[in-house]
Engineer: 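Before I ask anything, here is the structure I am working with.
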Amino acid sequence: MKVTLSALDTCESSFTPLVVLELAQDVKEETKEWLKNRIVSKKEDGGAQLLFRPLLNKYEKETLENQNLYLVGASNITLLLGAEAIGLVKECNDNTMRAFTYGTRHNFKDFNDDNDDFLTMAECQFIIKHELENLRARDEKMIPGYPQAKLYPGKSLLRRLLTSGIVIQVFPLHDNEALKKLEDSWYTRFTLKYQPLDRIRGYFGETIALYFGFLEYFTVALIPMAVIGLPYYLFVWEDYDKYVIFASFNLIWSTVILEVWKRGCANMTYRWGTLVMKRQFEEPRPGFHGVLGINPVTGREEPLYPSYKRQLRIYLVSLPFVCLCLYFSLYVMMIYFDMEAWAMSLHESSGSEWTSVLLYVPSIIYAIVIEIMNRLYRYAAEFLTSWENHRLESAYQNHLILKVLVFNFLNCFASLFYIAFVLRDMKLLRQSLATLLITSQILNQIMESLLPYWLQKKHHVQVKRKVQALKADIDATLYEQVVLEKEMGTYLGTFDDYLELFLQFGYVSLFSCVYPLAAAFAVLNNFTEVNSDALKMCRVLKRPFSEPSANIGVWQLAFETMSVISVVTNCALIGMSPQVNALFPESKLDLILIVVAVEHALLAFKFILAFAIPDKPRHIQMKLARLEFESLEALKRQQMKLMAQNLKEESREGNKEEEA
């Protein structure tokens, strides 16, 4: 028997607020009332059946600002049925991972009718977000009070409210007690220890926990490269034989760490339940627009946009713009080389100590310019990708990532390729690589964490003063928390964090045989990166909604592509070394052919190695196969039961006809 909310749920006048909804200051009362009714109404009436109340009562609104802040929560039964609706996977009493159902709730580990801790707070907030996003228009043609905000049957109300500017933002609240416990076990004590990934997952969700897991894994994986690279830097700059060994180690290292990560990632996500979680049908993204029509897949009315128009926008506007930006990046790079030449000539003419310091100035300026260009291009890429009007969020993200990766790769590494293969100046290559790596790391630490943290502290002091000056009898702690958090910056996802690691991986792997010390600097940076990113998540930015993830997505492919490019560059650099050239004094063609042959052999070995290491451990493969088998058997039983019922009904109808 299917359990419904209307049969079980009860109305709660007071509840634990989980999500904050902020409306614009000039929103009409009829719109507020309509929105409230849709949120609290029962499911069969088209509502979300959530709990909803304003942050301030009528008396407090007369004396305080922030009148349009509302708190959203849910009863325990609503959350449990919501967990079933989204296909949340939890651990059963027999240690298997299965999709949660309310009817079989007592079969799941740690479940108790009197215990509200079965679902993590991140899962509860994700369920509320899912319910709000699935509030859909029924007979309404527009949002009450706003005739320009058109609606059609099946349209997500929250998305229309956000795009119309009626709802300013929706964000999950921090749990200060749980946050303090997480901070104490995570970053407040500077000790060398593994991160509490399960706690991070319980508080922020799987996507962010996977990023911190990958950051930790990548940092530990860099340590062997750093340990081996240090003596190379100190003692054997020109020892070709030893550099072949180092480059070969880099090849095996870059392949093995990515394959082993996939296995570790599968272990984690199986334990968290997202590896076996069924993918939800993807709805159109909020910014998608077009002419209303019928979706042939869902049968629902929604905007339709011709694919050829999108392709025209991509190839006639976006692609030329990206090419123009790449050209501009190369032009800036040539200006940098002119500055390098000027600094070198000045140093050679004077030979003083200050001119030797001046040699590093062009690289530092260029590194800062690269960071500025990367950030400006990111805004342009987001605008263009949004203008292309992709229907799905996944398609939007893939096109955005492709645009940003291509530009960032060229912008950050073009000068190094030019120095290595055109100028063939290994000394300048080492200097430029070191300057770009160290400068970019310092700038990222300042811009991502230190500066936002300082600004947030200043704002926190201002909010505290306002709250202390209040005469009204209110819940000052909750009011202060909500007002403070609504002004925090919004976490835009793991894109920038993975991009930073991707570029770092490029600096370490592409030219490892020229600058082996790069791995050591990356390790030092990442030890502080873990703490600064944790600080950013806990104290600088709003708490993001949890998002289920089974892996790091397209970034796995990006890192693997970088490791393939690193094989080519390292083989080419070794082939250009004086020691190798001395072995082929007469025929350069033989040298080129041998280098290409070795590079192909190494790539073949790399792909064989990747194929030989399974993506999932054997025990995980067996568990997944077992779940698939049980699902098929359950489907067969259901079909047999349905067939038996049909035969029974046909038999009854036949008997009636005979009697007649």
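Heavy-atom basis, side chains included; hydrogens, waters and symmetry copies ignored.
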Engineer: Looking at Y203, does the NZ or CZ of R543 lie under 6.0 angstrom from its six-membered ring centre and within 45 degrees of the ring axis?
Structural biologist: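 Checked: cation-pi criterion met.
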Engineer: In the structure I gave you, are the side-chain heavy atoms of R539 and E183 within less than 4.5 Å of one another anywhere?
Structural biologist: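 A side-chain contact exists here, since the closest heavy-atom pair is under 4.5 Å.
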Engineer: With ring centroids as reference points, do Y187 and F212 lie under 6.0 angstrom apart?
Structural biologist: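 Ring centres of F212 and Y187 not closer than 6.0 Å.
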Engineer: Compare every heavy atom of G46 with every heavy atom of L135, then report the nearest pair and how far apart it is.
Structural biologist: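 The pair with the smallest heavy-atom distance is CD2-O, 3.5 Å.
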Engineer: Using 4.0 Å as the upper bound for N to carboxylate O, is an ion pair formed by R201 and E123?
Structural biologist: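 Salt bridge present between E123 and R201.
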Engineer: On a heavy-atom basis, which atom in W272 and which in A209 lie closest, and how many Å separate them?
Structural biologist: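 Shortest heavy-atom separation between W272 and A209 comes out as CH2-CB, 3.6 Å.
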Engineer: Would you kindly check if the NZ (Lys) or CZ (Arg) of R105 is within the cone defined by 45 degrees around the ring axis of Y102 and under 6.0 Å from the six-membered ring centre?
Structural biologist: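 Yes, R105 lies over the aromatic ring of Y102.
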Engineer: Any side-chain heavy atom of L23 sitting closer than 4.5 Å to one from L35?
Structural biologist: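 Of all side-chain heavy-atom pairs linking L35 with L23, at least one is under 4.5 Å.
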Engineer: Counting C-beta onward and ignoring hydrogens, is there a side-chain heavy-atom pair between L173 and P17 closer than 4.5 Å?
Structural biologist: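 With C-beta onward as the side chain, the pair touches.
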Engineer: Could you tell me whether the side chain of T163 and the main chain of R160 form a donor-acceptor pair under 3.5 Å?
Structural biologist: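 Answer holds: yes.
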Engineer: To the nearest 0.5 Å, how far apart are CZ in F52 and CD1 in I128?
Structural biologist: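 Separation between the atoms: 12.0 Å.
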Engineer: Answer with yes or no whether the side chains of K109 and N95 bring together a donor and an acceptor at under 3.5 Å.
Structural biologist: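 Yes, a side-chain donor-acceptor pair sits under 3.5 Å.
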Engineer: Which heavy atom of G205 sits nearest a heavy atom of S546, and at what distance?
Structural biologist: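 Of all heavy-atom pairs spanning G205 and S546, the closest is CA-OG, 3.4 Å.
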Engineer: Apply the test side-chain contact (heavy atoms from CB on, under 4.5 Å) to residues F100 and V89: give CA-CA distance (whole Å), side-chain angles for both, the deciding distance (0.1 Å), then the verdict.
Structural biologist: CA-CA 6 Å; F100 176 81; V89 175; over 6 Å; no
Engineer: Please walk me through it: do L55 and V20 pass side-chain contact (heavy atoms from CB on, under 4.5 Å)?
Structural biologist: CA-CA 9 Å; L55 174 64; V20 176; over 6 Å; no
Engineer: Does NZ or CZ of K90 lie under 6.0 Å from the centre of the six-membered ring of F118, at an angle within 45° of the ring axis?
Structural biologist: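 Ring-cation test returns yes.
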Engineer: Check T104, N107, L627 against R98 for a side-chain contact (heavy atoms from CB on, under 4.5 Å) and give me the one that passes.
Structural biologist: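 By the side-chain contact (heavy atoms from CB on, under 4.5 Å) criterion, R98 pairs with just one of T104, N107, L627: L627.
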Engineer: When rounded to the nearest 0.5 angstrom, what is the spacing between OG1 in T78 and NZ in K43?
Structural biologist: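 Going from the OG1 atom of T78 to the NZ atom of K43 covers 8.0 Å.
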Engineer: In Å, rounded to the nearest 0.5 Å, how long is the span from CG of L275 to NZ of K623?
Structural biologist: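 With rounding to 0.5 Å, CG (L275) is 11.0 Å from NZ (K623).
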Engineer: Counting only N and O atoms by type, is there a donor-acceptor contact under 3.5 Å from the side chain of E140 to the main-chain atoms of R138?
Structural biologist: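 It does hold such a pair.
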Engineer: CG of N112: more than 12 outside heavy atoms within 6.0 angstrom?
Structural biologist: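 Yes, because the 6.0 Å sphere around CG of N112 holds more than 12 heavy atoms from other groups.
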Engineer: Kindly give the heavy-atom pair with the smallest separation between F545 and V170, and that separation in Å.
Structural biologist: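 For F545 versus V170, the nearest heavy atoms are CE1-O, 3.6 Å.
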Engineer: Does this structure show an ion pair linking R38 with E33, if we count only N-O contacts that are shorter than 4.0 Å?
Structural biologist: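 No.
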Engineer: Name the orientation class of the two ring planes belonging to H106 and F111 (parallel below 30°, tilted from 30 to 60°, perpendicular beyond 60°).
Structural biologist: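 It falls in the perpendicular class, over 60°.
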Engineer: Determine the minimum heavy-atom distance between P544 and I208, stating which atoms define it.
Structural biologist: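 That closest heavy-atom pairing would be CG-CD1, 3.3 Å.
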Engineer: Might you point out which heavy atoms bring A149 and S164 nearest each other, and give the distance in Å?
Structural biologist: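 Looks like CB-OG, 3.5 Å.
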Engineer: Under the side-chain hydrogen bond (donor to acceptor under 3.5 Å, both in side chains) rule, what do Q49 and S41 come out as? Steps first, then yes or no, please.
Structural biologist: CA-CA 5 Å; Q49 204 153 344; S41 294; over 6 Å; no
Engineer: Could you check whether Y211 and W555 have their ring centres less than 6.0 Å apart?
Structural biologist: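 No.
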Engineer: Rounded to the nearest 0.5 Å, what separates atom CG in D497 from atom CG in L215?
Structural biologist: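 Rounded to the nearest 0.5 Å, the CG-CG separation comes to 8.5 Å.
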Engineer: Are W186 and N531 linked by a side-chain donor-acceptor pair shorter than 3.5 Å?
Structural biologist: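 No donor-acceptor contact under 3.5 Å links the two side chains.
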Engineer: Taking the side chain as everything from C-beta on, heavy atoms only, tell me whether E91 gets closer than 4.5 Å to F108.
Structural biologist: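 No, every pair of side-chain atoms sits at 4.5 Å or beyond.
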Engineer: Hey, mind stepping through F495 and V404 against side-chain contact (heavy atoms from CB on, under 4.5 Å) and telling me if it holds?
Structural biologist: CA-CA 10 Å; F495 183 97; V404 174; 3.6 Å; yes
Engineer: So I552 and Y498, side-chain contact (heavy atoms from CB on, under 4.5 Å) or not? Walk me through it.
Structural biologist: CA-CA 9 Å; I552 62 173; Y498 279 120; 3.2 Å; yes
Engineer: Are there over 12 heavy-atom neighbours, none belonging to Q148, within less than 6.0 Å of that residue's CD?
Structural biologist: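 Yes - once you tally the heavy atoms of other residues, nucleotides and ligands closer than 6.0 Å, there are more than 12.
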Engineer: For F171, is the NZ or CZ atom of K486 found under 6.0 angstrom from the centre of its six-membered ring and inside 45 degrees of the ring axis?
Structural biologist: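 Negative - K486 is either too far from the ring of F171 or too far off its axis.
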Engineer: So is R313 actually on top of W387's ring, under 6.0 Å and inside 45° of the axis?
Structural biologist: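 Yes, a cation-pi geometry holds between R313 and W387.
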Engineer: With salt bridge (Lys or Arg N to Asp or Glu O under 4.0 Å) as the criterion, how do K129 and E547 come out once you've worked through the C-alpha distance, each side chain's angles and the decisive distance to 0.1 Å?
Structural biologist: CA-CA 10 Å; K129 178 194 175 194; E547 288 292 340; 2.6 Å; yes
Engineer: More than 12 heavy atoms of other residues, nucleotides or ligands under 6.0 Å from NZ of K180: is that the case?
Structural biologist: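 No, the 6.0 Å shell around NZ holds no more than 12 heavy atoms from other groups.
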Engineer: Please name the residue in the list R378, R375, K536 that meets the salt bridge (Lys or Arg N to Asp or Glu O under 4.0 Å) test with D496.
Structural biologist: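 Passing option: R378.
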Engineer: Distance from D45 atom CG to K42 atom NZ, nearest 0.5 Å?
Structural biologist: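 Answer for the CG-NZ pair, D45 versus K42, is 7.5 Å.
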Engineer: Look only at the side chain of E216 and the backbone of Q195, and say whether a donor-acceptor pair between them is shorter than 3.5 Å.
Structural biologist: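 Pair found, side chain donor or acceptor close to backbone of Q195.
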Engineer: Main chain of L69, side chain of E22: is a donor-acceptor contact present, judged purely on distance under 3.5 Å?
Structural biologist: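 No, the answer is negative, given that no donor and acceptor are paired below the 3.5 Å cut-off.
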Engineer: Only one of H390, K403, Q397 passes side chain to side chain donor-acceptor pair (under 3.5 Å) with T385; say which it is.
Structural biologist: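 The passing option is K403.
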Engineer: Is a side-chain donor-acceptor pair under 3.5 Å present for S156 with R136?
Structural biologist: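 Note: R136 and S156 side chains miss the donor-acceptor criterion.
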Engineer: Nearest 0.5 angstrom please: E206 CD to T269 OG1, how far?
Structural biologist: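 So the gap between those two atoms works out to 9.0 Å.
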Engineer: For P617, check side chain to side chain contact (heavy atoms under 4.5 Å, CB included) against everything at least two apart and list the hits.
Structural biologist: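 Residues passing side chain to side chain contact (heavy atoms under 4.5 Å, CB included) with P617: R263, A266, N267, H619, I620.
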Engineer: When K616 is tested against each of M622, Q621, K262 for side-chain contact (heavy atoms from CB on, under 4.5 Å), which residue passes?
Structural biologist: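 When M622, Q621, K262 are each tested with K616, the side-chain contact (heavy atoms from CB on, under 4.5 Å) holds only for Q621.
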Engineer: Is there a donor-acceptor pair under 3.5 Å between the side chain of H399 and the backbone N or O of A395?
Structural biologist: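 Yes, the answer is positive, given that a donor and an acceptor are paired below the 3.5 Å cut-off.
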Engineer: Walk me through it: do K309 and N389 pass the test side-chain hydrogen bond (donor to acceptor under 3.5 Å, both in side chains)?
Structural biologist: CA-CA 9 Å; K309 287 187 178 181; N389 198 27; over 6 Å; no
Engineer: Mind checking whether D110 and D117 have side chains closer than 4.5 Å, heavy atoms only?
Structural biologist: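 In short, these two side chains do not touch, never coming nearer than 4.5 Å.
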Engineer: For the residue pair K28 and K32, establish whether any side-chain heavy-atom pair is separated by less than 4.5 Å.
Structural biologist: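 Contact flag for K28/K32 side chains = no.
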Engineer: With a cut-off of 6.0 Å (strictly less than), are more than 12 heavy atoms of other residues, nucleotides or ligands near CG of D94?
Structural biologist: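 Counting other residues, nucleotides and ligands, CG of D94 exceeds 12 neighbours.
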Engineer: Could you tell me which residues satisfy side chain to side chain contact (heavy atoms under 4.5 Å, CB included) with Q645, sequence neighbours excluded, listed by chain and number?
Structural biologist: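 K641, L642.
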Engineer: Report the residue from E485, Q169, E487 that forms a side chain to side chain donor-acceptor pair (under 3.5 Å) with K542.
Structural biologist: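 For K542, the side chain to side chain donor-acceptor pair (under 3.5 Å) test succeeds with only one of E485, Q169, E487, which is Q169.
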